[in-house]
K.L.:
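Following this message is one structure expressed as structure tokens.
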Amino acid sequence: MVRFTAPRGTQDILPEDQPYWRYVEEHLHAIARLYGYECITPPLFEDTAIFERGVGEGTDIVEKEMYTFLDRGGQSLTLRPEFTASVVRAYIEHGMHVRPQPVKLYSIGPAFRYERPQAGRYRQHHQFNVEAIGEQDPAVDLEVMSLAWQLYDELGFHDLAFQINSTGCPRCRPGYMQVLKNYYADKLPLVCDDCRRRYEQNTLRLLDCKVETCQTFIDNAPRFLDYLCDECATHFATLRSYLDALGRPYTLNHRLVRGLDYYTKTVFEVWAAGIGAQSAVCGGGRYDGLAEALGGPPTPGVGFASGIERIILTMKAQGVEVPPAPKPLALIATLGEEAKLAGVKLLTNLRAAGIPVVLAFGDRSLRSQMREAGKLGVTYALILGAEEVKARQVIVRDMTAADQEPVAWDEILAWLKGRLTVSV
RNA sequence: GUGAGCGUAGCCGAGAGGCCUAAGGCAUCUGGUUGUGGCCCAGAAGACCGUGGGUUCGAAUCCCACCGCUCACCCCA
């Protein structure tokens, strides 16, 4: 019999890792609330066409990374590779254009991409996704970026690199792409194979090449920022003036591109050190053409997604500590059948009163039960034997102070309750 | 999809052709007199050495294939 393992690129988040998840998720909800974002939970899968149109036909995601399947009715569905398309779909479907604009939404949940796993990259990973839909004001771009900034700041991150760029709009992008093509035209024999392919199929991605020999060409390439239309240039300048006024450090990265029709103007990423090659903890930008591509009215939007696994990797790399999982206040140890019965009753009563207590199961020696209490890290051991049952009391042993005292049954609840707040 | 490294009990890990019916540590369980934890001591349980083939008198140790894991490329969270 072959042992089953979790599917490639997926992982069990074990109890010992849960404190990180819990801590992070609590922060996510809190920061979203602080910025006035409301939670939306879209389905895990959508009509495949939503991602084909919403992410873009030419992207790696759509070309080779989607978990697509036919359901029993023959419909093509896809496990979401990202949130934005789903959220915009929901915006259109539920007529959110009648709400005060922009509609500010966030989500937390898994996303799926069929890729070869490596450090910080999984086939099922989790994202914190933030979208502000229905407003083109650069102050919204700023807000979304600030949210990310404050989040990482509160989590205690340092040495983050904020990268920003603008990739124009359908009015100015074709012009710039032509300029870029003209620039590369006579260099094609010198660039790598991938770049020759990009030249034809995904021109902007020429700027993204990591091959050594292509670097000088990229460094000397014309920059999009010099070819933005007035509207895009003004938008970007305004955003930068806000960032500067707030003293937010960032790097202008003219190689940062999202070569898709629906992504417009602002693009940004946040990079963390020390978590491997996949260092982007956050990626986002503006997508003023997306809603239309999904069949809705023209609606601007900005947002970002942050990978929760990568956030946690960064926390571990940077030594950020999180509160440990709370332990039960007490363990009930019993000796003999009568005491066991009394113990079960006590257990039930204490729990009904909201006190976290566990019982040592099995008929074991007191020594063994006490060892369990020590291992679990409970504050008190409540010991019940024949004598205690007779006297209607329980011995309360303080595990840290290592002393103990008898407490009457009708007083034990109040006794523990008085110590609950201090010890938890 | 491509490349590299790795695959011995739940975890870490020795072992490099016969001494392996596979060391050690952590974790687990039991016990250390009669009802008490953390340290210590004793003992127990736990491995078809990833799978399948081959070489050899003999393989955890050599060869091949497959599978899996990890990291990197690509790209992204």
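Here is how names work: the chains are called A, B, and so on, in the same order as the sequence lines, proteins then strands, and each is numbered from 1.
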K.L.:
Once salt bridge (Lys or Arg N to Asp or Glu O under 4.0 Å) is applied, what residue pairs with a partner in residues 372-386 of chain A remain, sequence neighbours excluded?
P.N.:
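Matches after skipping sequence neighbours: R364(A)-E372(A).
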K.L.:
Who are the salt bridge (Lys or Arg N to Asp or Glu O under 4.0 Å) partners of E82(A), not counting sequence neighbours?
P.N.:
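With sequence neighbours excluded, E82(A) shows a salt bridge (Lys or Arg N to Asp or Glu O under 4.0 Å) to no residue whatsoever.
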K.L.:
Given the P atoms of C26(B) and U34(B), what is the spacing between them in whole Å?
P.N.:
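My reading of the P atoms in C26(B) and U34(B) gives 26 Å.
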K.L.:
Is there a donor-acceptor pair closer than 3.5 Å between any side-chain N or O of D398(A) and the backbone N or O of T400(A)?
P.N.:
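A pair under 3.5 Å: yes.
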K.L.:
Rounding to an integer number of angstrom, what distance separates A23(B) and A14(B) when you compare their C1' atoms?
P.N.:
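That atom pair is separated by 6 Å.
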K.L.:
Between D17(A) and K316(A), does any NZ, NE, NH1 or NH2 come within less than 4.0 Å of an OD or OE carboxylate oxygen?
P.N.:
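Looking at D17(A) together with K316(A), the answer is yes, because their closest N to O distance falls below 4.0 Å.
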K.L.:
What is the base-pairing partner of C76(B), counting Watson-Crick and G-U wobble geometry with both distances under 3.5 Å?
P.N.:
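Paired with C76(B), as far as the under-3.5 Å criterion goes, is no nucleotide at all.
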K.L.:
Between F128(A) and C282(A), does a side chain to side chain contact (heavy atoms under 4.5 Å, CB included) hold up when you go through it step by step?
P.N.:
CA-CA 9 Å; F128(A) 171 49; C282(A) 175; over 6 Å; no
K.L.:
Say we look at G68(B) and U8(B): how far apart would their C1' atoms be, to the nearest angstrom?
P.N.:
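G68(B) and U8(B) have their C1' atoms separated by 15 Å.
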K.L.:
Across nucleotides 67-77 of chain B, 5' to 3', mark each nucleotide with B, S or - according to how protein heavy atoms within less than 4.0 Å reach it.
P.N.:
--S-SBBBBBB
K.L.:
Say we look at C19(B) and C62(B): how far apart would their P atoms be, to the nearest angstrom?
P.N.:
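To the nearest whole Å, 16 Å.
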K.L.:
If you measure from the C1' atom in A22(B) to the same atom in A16(B), how many Å do you get, rounded?
P.N.:
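Going atom to atom, C1' in each nucleotide, I get 14 Å.
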K.L.:
Which whole number of Å gives the distance between the C1' atom of G3(B) and that of C49(B)?
P.N.:
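My reading of the C1' atoms in G3(B) and C49(B) gives 28 Å.
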K.L.:
Watson-Crick or G-U wobble partner for C19(B), using a 3.5 Å limit on both distances?
P.N.:
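By the stated definition (distances under 3.5 Å), nothing pairs with C19(B).
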K.L.:
Under 3.5 Å for both donor-acceptor distances, Watson-Crick or wobble: does C40(B) have a partner, and if so which one?
P.N.:
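C40(B) is paired, partner G32(B).
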K.L.:
If the plane angle is over 60° it's perpendicular, under 30° parallel, otherwise tilted; pick one for F157(A) and Y152(A).
P.N.:
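Parallel.
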K.L.:
Under a 3.5 Å limit for both distances, which nucleotide forms a Watson-Crick or G-U wobble pair with U56(B), could you say?
P.N.:
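None - no nucleotide pairs with U56(B), as no candidate has both distances under 3.5 Å.
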K.L.:
How does protein reach along nucleotides 33-43 of chain B, written 5' to 3' as B (base within reach of a heavy atom under 4.0 Å), S (only sugar-phosphate), or - (no contact)?
P.N.:
--BBBB-B---
K.L.:
List for me each residue that meets side-chain contact (heavy atoms from CB on, under 4.5 Å) alongside L190(A), sequence neighbours excluded, and say none if there are none.
P.N.:
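Only F217(A) meet the side-chain contact (heavy atoms from CB on, under 4.5 Å) criterion with L190(A).
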K.L.:
Only pairs with both distances under 3.5 Å count, Watson-Crick or wobble alike; so what is the partner of A9(B) in this structure?
P.N.:
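When the pairing criteria are applied, nothing turns out to pair with A9(B), so the answer is none.
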K.L.:
If you measure from the C1' atom in G50(B) to the same atom in A42(B), how many Å do you get, rounded?
P.N.:
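These two C1' atoms come out 36 Å apart once rounded.
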K.L.:
Are any of the side-chain nitrogens in D208(A) or R205(A) under 4.0 Å away from the carboxylate oxygens of its partner?
P.N.:
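Judged by the 4.0 Å cut-off on N to carboxylate O distance, D208(A) and R205(A) do form a salt bridge.
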K.L.:
Using the test salt bridge (Lys or Arg N to Asp or Glu O under 4.0 Å), find all partners of R310(A) that sit at least two apart in sequence or belong to another chain.
P.N.:
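Checked R310(A) against salt bridge (Lys or Arg N to Asp or Glu O under 4.0 Å); zero matches.
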K.L.:
Please give the distance between the C1' atoms of U28(B) and C71(B) as a whole number of Å.
P.N.:
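These two C1' atoms come out 33 Å apart once rounded.
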K.L.:
If only atom types and distance count, is the side chain of R113(A) paired as donor or acceptor with the main-chain N or O of I61(A) below 3.5 Å?
P.N.:
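Judged by distance alone, no pair lies under 3.5 Å.
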K.L.:
Could you identify the nucleotide paired to A47(B), looking across every strand shown and requiring Watson-Crick or G-U wobble geometry with both distances under 3.5 Å?
P.N.:
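Partner of A47(B): none found under 3.5 Å.
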K.L.:
Could you identify the nucleotide paired to A4(B), looking across every strand shown and requiring Watson-Crick or G-U wobble geometry with both distances under 3.5 Å?
P.N.:
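Answer to the pairing question: U70(B), which forms a Watson-Crick or G-U pair with A4(B).
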